[in-house]
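Here the structure is laid out as structure tokens; the discussion comes afterwards.
Counting starts at 1 for both ligands and their atoms, in listed order. All values below come from the heavy atoms of this structure, side chains included, with hydrogens, waters and symmetry mates left out.
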Amino acid sequence: MEKDKPTLFPFSSIRAGQKEFMKDVKHSVEGGNVLIAHAPTGIGKTVAALVPALQYAIETKKTVFFLTSKRSQHKIAIDTLRLIKEHAKLDFVTVDVTSKQSMCPRAVSIYREFYSLFNEFCKSEQKSKRCRYFTKRDEEALQRIKEEIMHVEDLCSWCASRGVCPYKAALEVAESADVLVCDYNYLFSTDVAEAVLEKIKRSLDDLIVIVDEAHNLPDRIRNNLSSELRMSSVTGAARGLRHTNREVHGNLMELERIFTKLAMEASKNKRVEINVATDFLVEEMEKVLRRRIEAMSYDEFANSLREIAKDFQTSGGSKDETVQRNVLSVADFLDGWRTREKCLRIFSLSQTDNPTLLFKLLD
Ligand code: SF4
């Protein structure tokens with residue numbers, strides 16, 4: 001048995017580099033400091049980060065947030081925590097979660113793509129008590145999640161088979177969890193972080209945060225706060241609503257005309273890309289929206305698209321789902337365009353047959 005081996009360390013020997021790594025992690029969690037660690041593949045970073053963090057979390061009643069962007073890394077973290085539990089014969093609670101829509105047994109594929117649509121659906125199902133998964137309480141399911149360290153896939157199928165909402169059950173247990181294995185969004189998306197911390201009754205001061213593969217974090221945040229809208233989505237949405245909603249069809253045609261106007265300006269200046277001011281799109285849209293029979297603001301237009309998508313009768317037809325997808329793409333983009341974050345807003349002709357409007361978060 002190796003001397004100085006932490007009691008939670010589940011392997012018989014410590015690899016080169018792991019001892020120093022664990023010492024650094026221990027000092028930073030105890031001192032409330034930030035540690036940026038760079039180590040080669042294969043030295044066992046996951047276990048070396050988890051052992052001292054978990055030890056300190058148990059001693060101080062804090063919660064380790066193990067944040068990762070990859071399913072494969074969820075699995076590695078959960079398998080490592082199982083080994084620690086088995087080796088140390090220690091009772092601690094670990095919950096593995098992904099996004100709410102990916103854990104929902106009722107989510108259809110379009111909900112996985114458009115969180116706003118799923119969120120509306122889930123909220124109204126909860127409010128009206130129509131979601132039987134949400135209303136059912138199952139102590140046995142909660143107990144099992146508490147006692148076993150379950151991979152999120154197993155947790156979801158177990159809860160679904162018992163008729164309980166996996167996300168709700170997981171977050172209920174997370175209130176008393178020592179470790180939460182979750183996506184970057186759980187902390188780096190303000191809305192999600194606030195909702196989750198409130199649900200599990202923890203504050204930022206109660207957390208020990210491990211960001212796995214943190215070099216991916218800036219790109220991930222940038223992508224989450226950036227978006228693009230292709231002209232083909234606008235055209236597709238307009239065509240799809242031509243016979244069912246003349247007013248909104250007309251508004252979408254006006255948006256298509258704005259694309260054409262920007263394309264002419266870019267071509268006139270012999271540019272593939274031109275900058276677009278935030279107000280340009282908002283004012284151009286509002287100019288036409290005010291003149292319509294059902295006058296509305298830019299925001300009301302985006303909301304009307306969302307309402308149409310929500311009430312969409314897909315009737316199982318793939319063509320209708322394509323229209324719904326296009327309508328939601330336009331609604332989400334119009335919402336995002338007005339973000340207060342510092343963004344670069346561009347009109348691009350790099351795909352000549354499909355001009356694109358986009359905004360990209362700046363560093
Ligand atoms: S409450 Fe749970 S099961 Fe019901 S719709 Fe929402 S996430 Fe899905």
Side-chain angles (χ1 to χ4, degrees), residues 63 65-69 71 74 78 93-177 180-202 224 303 305-316 320-321 324-325 327-328 331-332 335:
T63 305
F65 263 45
F66 187 93
L67 306 173
T68 178
S69 59
R71 283 285 173 124
H74 273 256
I78 290 298
V93 178
T94 294
V95 183
D96 187 17
V97 284
T98 48
S99 67
K100 191 185 200 178
Q101 67 271 37
S102 69
M103 292 178 75
C104 174
R106 301 181 62 200
V108 290
S109 65
I110 198 157
Y111 289 154
R112 304 223 156 98
E113 266 174 75
F114 296 95
Y115 177 72
S116 55
L117 186 69
F118 168 75
N119 200 30
E120 279 293 313
F121 162 76
C122 175
K123 273 199 308 205
S124 90
E125 290 294 290
Q126 287 181 26
K127 204 169 156 205
S128 61
K129 298 195 168 53
R130 272 196 308 262
C131 182
R132 63 183 173 85
Y133 292 93
F134 186 78
T135 47
K136 184 168 174 191
R137 217 187 137 69
D138 184 338
E139 293 303 332
E140 201 184 321
L142 296 180
Q143 198 54 33
R144 182 171 171 205
I145 300 170
K146 211 175 241 181
E147 282 168 6
E148 275 182 41
I149 299 183
M150 299 172 88
H151 288 293
V152 64
E153 294 82 5
D154 299 335
L155 184 152
C156 289
S157 43
W158 157 254
C159 286
S161 71
R162 296 187 65 92
V164 286
C165 170
Y167 183 78
K168 186 183 171 214
L171 284 204
E172 221 169 302
V173 176
E175 265 183 50
S176 57
L180 190 70
V181 178
C182 52
D183 188 82
Y184 290 164
N185 276 356
Y186 273 72
L187 211 56
F188 292 102
S189 159
T190 316
D191 295 349
V192 180
E194 281 173 3
V196 168
L197 291 177
E198 195 188 318
K199 268 199 185 103
I200 67 170
K201 303 187 178 75
R202 306 295 264 168
N224 279 355
N303 286 340
L305 291 172
R306 216 176 281 297
E307 284 304 312
I308 289 168
K310 203 171 80 183
D311 298 337
F312 222 80
Q313 298 302 317
T314 55
S315 61
D320 284 343
E321 198 167 290
Q324 192 184 23
R325 217 170 240 117
V327 170
L328 281 166
D332 281 358
D335 266 350

Please list every donor-acceptor pair under 3.5 Å in which a side-chain atom of residues 155-166 meets a protein atom from a residue at least two apart or in another chain.
{"from": "S157", "atom 1": "OG", "to": "E153", "atom 2": "O", "distance (Å)": "3.0"}
{"from": "S157", "atom 1": "OG", "to": "D154", "atom 2": "O", "distance (Å)": "3.4"}
{"from": "S161", "atom 1": "OG", "to": "S157", "atom 2": "O", "distance (Å)": "3.4"}
{"from": "S161", "atom 1": "OG", "to": "W158", "atom 2": "O", "distance (Å)": "2.7"}
{"from": "R162", "atom 1": "NE", "to": "D138", "atom 2": "OD2", "distance (Å)": "2.6"}
{"from": "R162", "atom 1": "NH2", "to": "D138", "atom 2": "OD1", "distance (Å)": "3.4"}
{"from": "R162", "atom 1": "NH2", "to": "D138", "atom 2": "OD2", "distance (Å)": "3.2"}
{"from": "R162", "atom 1": "NH2", "to": "E140", "atom 2": "OE1", "distance (Å)": "3.2"}

Establish, for the pair K168 and F134, whether the NZ or CZ atom is under 6.0 angstrom from the six-membered ring centre and no further than 45 degrees off its axis.
yes
Do Y186 and F65 make the cut of ring centroids closer than 6.0 angstrom?
no
Would you say the side-chain atoms of D332 and S116 include a donor-acceptor pair closer than 3.5 Å?
yes
Quick one: name the protein N/O/S atoms under 2.8 Å from atom 6 (Fe) of ligand 1, chain by chain.
C122 SG
Can you name the atoms of ligand 1, numbered from 1 with element, that are less than 4.0 Å from a heavy atom of P105?
3 (S)
Distance-only donor-acceptor check, side chains Q143 and E147, under 3.5 Å
yes
Using the six-membered ring wherever Trp is involved, compare the ring planes of F188 and Y184 and label them parallel, tilted or perpendicular (cut-offs 30° and 60°).
perpendicular
